[in-house]
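Naming convention: chains lettered A, B, ... in sequence-line order (proteins, then strands); numbering from 1 in each chain.
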Amino acid sequence: MELASTYNSVETEDKWYKYWMDQNLFHSEPDEREPYTVVIPPPNVTGVLHMGHMLNNTIQDILVRRARMMGKNACWVPGTDHASIATEAKVVNRLKTQGIDKADLTRDEFLGHAWDWTEEHGGIILEQLKKLGASCDWDRTCFTLDKERSESVIDTFVKLHEKGLIYRGVRMVNWDPDALTAVSDEEVVYKEVKSKLYYLNYNIEGEEGTVTIATTRPETILGDTAVCINPNDERFTHLKGKRVIVPLVNRSIPIIEDDYVDMEFGTGCLKITPAHDINDYEMGMRHNLESIDILNDDGTLSEKAQLFVGKDRFVVREEIIPELQKAGNVLKIEDYDNKVGCSERTGAVIEPKLSTQWFLKMTEMAKVALDAVMTDEVQFHPAKFKNVYRHWMENVKDWCISRQLYWGHRIPVYYLENGEFVVAKNDEEAVRLAKEKRGNDALTIADLRQEEDVLDTWASSWLWPISVFDGFNPEKNEIDYYYPTSDLVTGHDIIFFWVARMIMAGYEFKGTFPFKNVYFTGMVRDDQGRKMSKQLGNSPDPLDLIAKYGADGVRVGMLLCSPAGGDLLFDDSLTEQGRNFANKIWNAFRLVKGWEVDSSLPQPDSATKGIEWFSHKLNQTIEVVNDHFSKYRISDALMSVYTLFRDDFSSWYLEIVKPGYQQPIDEVTLKATIDNFDKILRLLHPFMPFISEEIWQLLEPRKEGESIMVAQMPEVTKVDEKLLANFELTKEAVAGVRNIRKQKNIANKEVIALSILDNDGSLDKTFIPILSKLANASEVNFVTEKVSGALSFMVKATEYYIPLGDLVDAEEEIKKLEEELKYQKGFLISVSKKLSNERFVNNAPEKVVAIEKQKQADAEAKIKAIEESIANLK
RNA sequence: GGGCGAUUAGCUCAGUUGGUUCAGAGCACUUGGUUUACACCCAAGGGGUCGGGGGUUCGACUCCCUCAUCGCCCA
């Protein structure tokens, strides 16, 4: 079979993904094995794959594939969430381009359009994940708005309400005037903007003189109901108990006193607008102030404002200044940088607004969820996020769960005509409860009015680890097998949105944690550390990357730059490195595959020893990889396998066992080599699923249905550290010979003779066949005296000589030796100094002192040998 | 303003309870290479006062204090 010298990822990857699907290898059913469960952080149903998903899902797939190969029953549940506000915004926009206004549609008509959108876009992102190699159990694909998940949401709402944890109240909420809905605190992003600070004079009532306030939002003066000073501010003692006049509307408002006012900021006088600022609202409550809501839901001014009615708040901000100037109220205007809250979804400037919403009490649930993490019942990786989590949990506020949208789970609250309400999971139940409540058996559903609002999307996402197994359905018991899940992989930016709330839901509804480990990924940025965004155009299209470098290459590239939790600076060169590595593996395979076997050949000693060494090296690496995985150091684990393949296997092992050009190989060595290759491929499979499968299938005849993805992960047998250390010395000796060849321009194919002076008898002679082969030595002999007329080098106390007669330059050799001598002497001094320090010898552990003594002895021996060599050359 | 974290090679980062000459890895860089698997490669090499200062200790990248700079979260 002719194999191309460059690996072709495109053909390979589609072929094997299809094979895995056809063989149903991703599917999991409960059985007697230990489960390993991961739920996907559901991507937004309208979204497309971006680099963050690539990273996230690469890591999940690595964990899942590895668990599967370690004999666990791995189940990775995929799905999407309905992203109520984002999707609704997209649907509204599309309707707009079709000339349809949302306001003209009934709820059901609108939902029809929203489902159409979902049908069109919903599957895209999951199909893209397949290109990456994601080994999700696609039979289990869920959607937060499908039947089972919806029932879960409604069911839990009813339960939480029964427990008294859900309440309805008037609160200051974050209002998105574009989406016309409340959003949670976590959905507000603060942006730095250049704005102005306006200094405005208010006339004091009944006397000459003015009070100056400073504000960034002059239009809100129309809703002012007080001016506040700090009671300790001596500048304003004369104002106590007086009243001022709001400009333009000429409303008389009181001057109040409150410690909240920062005497340093602005003028020290603060205007209070309880309806439009959270702090003012609280102050309004304390001082019994009137609340004047001057804004309509869409951000225009309402009748209550009296002026500029119907105009947008930003327009008014511009227009009110000339009016104020005309009235003589503007003192000055300064440039000012401040942070403005914007909607994460629509980008609109958020208005704090009083409105009636549904809330979920957080205090009790947060306490349980906090303890779970602080005691490591749920482990965070990296652990530094525990602090962030604690801070949020200790300051948690009740969760505003209602949204004024159509696309989502409609709140199961039914109002009666008298304003009372019942909470029920369906219409029948609602009617039954209403009858009970009112003592009126004639009530029908027509007498009830269901709440118009829907629930926050996270009210379904937080149930995800339970709801994907239909865990609220008492007739289903799969949950008992799969829950709690094992690992959650997610971005650290949604630690509050999602992770915290899933932990709360886990304890609340299942009595235990939803997952054992949380692996937080960083944010993917470009090579200059900028966030990837559409505007900057600095985000590569993941599918293009896969086409160009292969999914394996991209996976490796993602990992090479991804310390846990830290931001990662993505650069194409990393995926290129991944692709190059795949090519390297491919070519190693080409080499092995190209060998002709001759069963009559005996195995060379070098191969026997090489195979023995490599088995220990492999075991050692497996140990290291296991350790890395146990600490969720995924990129370190990859780097260990990468180094094993590139350095140990390719550069050393294959060179040791490789037969001469166009010569056959013996059977035993070939078998062992294929075996070793097989093991490395299995170690590699979680990281590079496609190429590992491709080569694994070609390496030996496989039966239909066999796959590396369900092969057993190699296990550690024994590691002989001494043997490994001796091989390292052999490597040094080989490098010594290569250096001399290079210095003297002796080609590798030219044989040399090698003499060894084993000064202290420490040399492991079993490695000599390897040294002989890799040094291309015609003979290796042992001597008891220094060899003159030869080039030499030392490895520990062992001296190596290459007799080269006229090529030897005594001057140069002496210089080289003297440099080494200088270093050794310096080293000896530092060690001796340490050992002559009584406090060190008395206080340091015995082991440490022994090591230092050994170093001293080694250095002394080496110095002696070097000095003799120098004398010999002179 | 409150809190958290960081600062180690040109870049991105390791460095696990203080202890081998322990200052490391990958990339980048320099030099050399038509070695018959691979130039998507191989070999060799340069490069850091571990942010500054102080302290604890026989011993500090590691622990403590302080200063500086940066980042993130929250208000």
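Here the CZ-NZ distance, from A/R741 to A/K749, works out to 11.5 Å after rounding to the nearest 0.5 Å.
Going from atom OH of A/Y281 over to atom C1' of B/rA75 covers 18 Å, rounded to whole Å. A/N395 places its CG atom 9 Å from the C1' atom of B/rG3, with the value rounded to the nearest Å. In this structure, A/L774 atom CG and B/rC42 atom P are separated by 16 Å, rounded to whole Å. To the nearest angstrom, P of B/rC38 lies 18 Å from CG of A/N8. Atom CD of A/Q743 and atom C1' of B/rG33 are 16 Å apart (whole Å). When the P atom of B/rC38 is taken as reference, atom CZ of A/F649 falls 16 Å away, rounded to whole Å. The distance from atom NE2 of A/H492 to atom P of B/rA6 is 14 Å, rounded to the nearest whole Å. A/Q662 places its CD atom 15 Å from the C1' atom of B/rU35, with the value rounded to the nearest Å.
Scanning for side-chain contact (heavy atoms from CB on, under 4.5 Å) contacts around A/N387 gives A/R390, with sequence neighbours left out. Under the side chain to side chain donor-acceptor pair (under 3.5 Å) criterion, A/N583 pairs with no residue at all, not counting sequence neighbours. The side-chain contact (heavy atoms from CB on, under 4.5 Å) test applied to A/V396 returns A/M362, A/A366, A/W392, not counting sequence neighbours. With sequence neighbours excluded, the residues forming a side-chain contact (heavy atoms from CB on, under 4.5 Å) with A/S792 are A/Y801, A/E813, listed by chain and number. In terms of the side chain to side chain donor-acceptor pair (under 3.5 Å) criterion, residue partners of A/T220 (sequence neighbours excluded) are, by chain and number, A/K271. Not counting sequence neighbours, the partners of A/V624 by the side-chain contact (heavy atoms from CB on, under 4.5 Å) test are A/H628, A/S640. Taking the ring pair (Phe, Tyr, Trp, His ring centres under 6.0 Å) definition, one finds that A/Y7 meets it with A/W586, sequence neighbours left out. Checked against ring pair (Phe, Tyr, Trp, His ring centres under 6.0 Å), A/Y549 has no partners two or more places apart in sequence or in another chain.
Between A/K742 and A/T6, the residue anchored nearer the 5' end of RNA chain B, judged by the nucleotide with its closest heavy atom, is A/T6.
Residues A/D376 and A/Q379 bring no donor and acceptor atom of their side chains to less than 3.5 Å of each other. For the 3.5 Å distance criterion, the side chains of A/T673 and A/Y653 qualify, holding a donor opposite an acceptor. Side-chain N/O atoms of A/K853 and A/Q856 include no donor and acceptor closer than 3.5 Å.
Rounded to whole Å, the separation between the P atoms of B/rA9 and B/rG48 comes to 10 Å. Between B/rC29 and B/rC11, the distance separating the two P atoms is 15 Å to the nearest Å. To the nearest whole angstrom, the two P atoms, one in B/rG24 and one in B/rG3, are 39 Å apart. Rounded to whole Å, the P atom of B/rC22 lies 22 Å from the corresponding atom of B/rC27. Comparing the P positions of B/rU36 and B/rG51 gives a spacing of 46 Å, expressed to the nearest Å. Nucleotides B/rG71 and B/rU31, compared at atom P, are 37 Å apart to the nearest Å. Annotation: B/rG2 and B/rG55 have their C1' atoms spaced 29 Å apart (nearest Å). Taking atom P in both B/rC50 and B/rU62, the straight-line distance is 9 Å, to the nearest Å.
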Pairs counted only when both distances fall under 3.5 Å, Watson-Crick or G-U: show me the 5' to 3' dot-bracket for RNA chain B, [ ] for pseudoknotted crossings and | for other-strand partners. (((((((..((((.....[....)))).(((((.......))))).....(((((..]....)))))))))))).

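A/E655 comes within 4.0 angstrom of a nucleotide base, judged by non-hydrogen atoms across all strands. Looking at heavy-atom distances under 4.0 Å, A/R633 makes contact with a base.
Ring centers of A/F385 and A/H492: under 6.0 Å apart, within the cut-off.
Of the candidates B/rA44, B/rC38, B/rA37, B/rA37 carries the atom nearest the A/L654 side chain, counting heavy atoms from C-beta on.
Between the side chain of A/K584 and the base of B/rC40 there is no donor-acceptor pair of N/O atoms closer than 3.5 Å.
Distances shorter than 4.0 Å separate none of the side-chain N or O atoms of A/N587 from OP1 or OP2 on B/rC41. Between B/rC41 and A/N580, a contact under 4.0 Å exists linking OP1 or OP2 to a side-chain N or O. Phosphate contact (OP1/OP2 of B/rA43, side-chain N/O of A/S651, threshold under 4.0 Å): present. Proximity of A/K658 to the phosphate of B/rU36: no side-chain N or O atom is located under 4.0 Å from OP1 or OP2.
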All N/O pairs under 3.5 Å across the protein-nucleotides 24-29 of chain B interface:
none

Atom pairs under 3.5 Å: protein N/O with N/O of nucleotides 56-64 of chain B:
{"residue": "B/rC58", "atom": "O2'", "partner": "A/N837", "partner atom": "ND2", "Å": "3.0"}

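Pairs of residues two or more places apart, or lying in two chains, that qualify as salt bridge (Lys or Arg N to Asp or Glu O under 4.0 Å) and include a residue from residues 636-655 of chain A are A/E655-A/K658.
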